[in-house]
K.L.:
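Structure provided below as structure tokens; questions to follow.
Quick note: residue numbers are just sequence positions, from 1. Ligands are counted one by one from 1 in listed order, and the atoms in each one are counted from 1 as well.
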Amino acid sequence: MSKARFITLEGLDGAGKSTHLAFIRRYLEQAGIDTVFTREPGGTPLGEKLREILLDIDTEATLDTETLLMFASRQELVSSLIRPSLAAGRWVVSDRFTDATFAYQGGGRGVPAERIAILEQWVQQGLQPDLTILLDVPLEVSQARLSQSRLPDRFEREREDFHQRVRQMYLARAQANPGRFVVIDARGDIDAIQQQIAAALARLQEA
Ligand SMILES: Nc1ncnc2c1ncn2[C@@H]1O[C@H](COP(=O)(O)OP(=O)(O)O)[C@@H](O)[C@H]1O
Ligand SMILES: [Mg+2]
């Protein structure tokens, strides 16, 4: 049996993470790979409470508090779900992970990357995704998709330039970590996007 893999999905809200997560679920199920699916912030009982606070438009928090809450949720997820699952040979797929903190709190809000990296080291101790799928879309596309669904959360209601910086930070991180990232143009046809995701998953199975 090959080593259990850790996969993360990243991208702006409306990029298609949830849509393609369902595809990844079907793909891995068909491949007979035992997989745990989770999301950030959240994924554990405490993490989901923190998620509620973090996304609540009435929450007021300083930048550092917001960043620390993200990592508090992540600590709980890493130690109670991600590490034990991987150790038991189960793959883990997460809707967002630490790249999102670099993108939103770092790129979007201006927390220096070095500070985020300290918390990353503290919480992950070297644990990194084996594959990060970045679903990249221009802002007009993500916002048009979002406006059709529910009310915007505390991040979604940020201004356009915030989301532009988030997108650019995601792309910069992908460029800096080409071995881990697969960047997919997520504007177009869902089938074409899913073919690219399937190819990335197949490579991961072989690796
Ligand atoms: N490639 C695509 N083409 C057209 N619509 C899409 C595409 N990908 C996602 N959508 C739609 O956009 C909306 C947001 O997608 P979703 O998967 O919820 O994004 P995310 O989880 O990244 O916020 C959904 O209504 C979804 O059906
Ligand atoms: Mg989603």
Side-chain angles (χ1 to χ4, degrees), residues 6-29 35-44 47-57 59 66 69-70 73-74 77 81-82 91-109 129 131-174 180-201:
F6 176 29
I7 302 168
T8 58
L9 250 92
E10 299 286 357
L12 295 173
D13 286 299
K17 296 180 298 299
S18 302
T19 304
H20 299 302
L21 209 73
F23 169 77
I24 294 174
R25 190 189 287 273
R26 289 196 302 276
Y27 179 101
L28 293 176
E29 213 162 45
T35 311
V36 180
F37 291 84
T38 190
R39 68 170 178 184
E40 276 210 346
T44 63
E48 290 294 323
K49 287 185 188 171
L50 294 173
R51 179 189 181 91
E52 249 180 65
I53 294 168
L54 281 159
L55 300 188
D56 184 345
I57 58 170
T59 294
E66 180 179 297
L69 287 174
M70 288 290 180
S73 169
R74 184 161 300 135
L77 189 69
L81 187 134
I82 298 179
W91 288 34
V92 176
V93 179
S94 186
D95 183 334
R96 295 193 188 285
F97 195 60
T98 305
D99 294 301
T101 308
F102 281 99
Y104 283 79
Q105 282 67 48
R109 301 224 200 275
L131 167 67
T132 298
I133 298 170
L134 174 56
L135 299 167
D136 180 56
V137 283
L139 220 58
E140 313 85 76
V141 173
S142 60
Q143 304 222 309
R145 285 180 189 167
L146 272 186
S147 53
Q148 297 160 12
S149 49
R150 52 195 165 66
L151 288 174
D153 67 32
R154 207 164 66 83
F155 294 98
E156 290 163 351
R157 70 209 295 268
E158 284 289 340
R159 290 157 30 157
E160 183 172 329
D161 58 317
F162 171 89
H163 296 287
Q164 294 288 10
R165 292 193 301 275
V166 170
R167 182 185 181 206
Q168 292 312 317
M169 183 59 80
Y170 267 136
L171 290 169
R173 289 189 60 76
R180 172 163 71 86
F181 272 87
V182 169
V183 182
I184 297 179
D185 179 345
R187 272 177 300 185
D189 184 56
I190 289 186
D191 285 341
I193 295 165
Q194 293 182 343
Q195 273 180 28
Q196 294 175 68
I197 294 175
L201 294 175

K.L.:
Using a strict cut-off of 4.0 Å, indicate which atoms of ligand 1 neighbour a heavy atom of G188.
P.N.:
1 (N), 2 (C), 3 (N)

K.L.:
How many angstroms lie between CD1 in I82 and CG in L77, if you round to the nearest 0.5 Å?
P.N.:
4.0 Å

K.L.:
Between ligand 1 and D189, is the shortest N or O to N or O distance under 3.5 Å?
P.N.:
no

K.L.:
Among L171, V182, L12, find the residue that satisfies the side chain to side chain contact (heavy atoms under 4.5 Å, CB included) test when tested with L134.
P.N.:
L171

K.L.:
Answer yes or no: is there an ion pair linking D13 with R96, defined by an N-O contact shorter than 4.0 Å?
P.N.:
yes

K.L.:
Using a strict cut-off of 4.0 Å, indicate which atoms of ligand 1 neighbour a heavy atom of D13.
P.N.:
23 (O)

K.L.:
Based purely on interatomic distance, does D95 place a nitrogen or oxygen under 3.5 Å from a nitrogen or oxygen of ligand 1?
P.N.:
no

K.L.:
Nearest heavy atom to atom 14 (C) of ligand 1 wins, so pick from G14, A192, A186.
P.N.:
G14

K.L.:
With a 4.0 Å cut-off on heavy atoms, is S142 touching ligand 1?
P.N.:
no

K.L.:
With atom 4 (C) of ligand 1 as the reference point, say which of K17, R145, E156, Q194 has the nearest heavy atom.
P.N.:
R145

K.L.:
Inside 2.8 Å of the Mg ion (ligand 2) but strictly below it, how many protein N/O/S atoms are present?
P.N.:
1

K.L.:
Closest heavy-atom contact between P152 and I57?
P.N.:
O-CG2, 3.9 Å

K.L.:
Do any N/O atoms on G16 end up under 3.5 angstrom from N/O atoms on ligand 1?
P.N.:
yes

K.L.:
If you draw a 6.0 Å radius around CZ in R187, do more than 12 non-hydrogen atoms from other residues or ligands fall strictly inside?
P.N.:
no

K.L.:
Heavy atoms only, cut-off 4.0 Å: how does I193 contact ligand 1, side chain, backbone, both, or neither?
P.N.:
side chain

K.L.:
Determine whether more than 12 heavy atoms belonging to other residues, nucleotides or ligands lie under 6.0 Å from atom CD of E52.
P.N.:
no

K.L.:
If the condition is side-chain contact (heavy atoms from CB on, under 4.5 Å), which residues does I190 pass it with, not counting sequence neighbours?
P.N.:
T19, H20, Q194

K.L.:
Do T98 and R74 have side-chain atoms, one donor and one acceptor, less than 3.5 Å apart?
P.N.:
yes

K.L.:
Should L12 be listed as contacting ligand 1, given a heavy-atom distance under 4.0 Å as the test?
P.N.:
yes

K.L.:
Identify the residue among I184, V93, L21, I193 that makes a side chain to side chain contact (heavy atoms under 4.5 Å, CB included) with I133.
P.N.:
I184

K.L.:
Could you tell me whether ligand 1 has any atom less than 4.0 Å away from a heavy atom of G11?
P.N.:
no

K.L.:
Looking only at heavy atoms, which two atoms of R154 and I53 are closest? And how far apart?
P.N.:
NE-O, 4.3 Å

K.L.:
Looking at V183 and A174, what are the two nearest heavy atoms and their distance?
P.N.:
CG2-CB, 3.5 Å

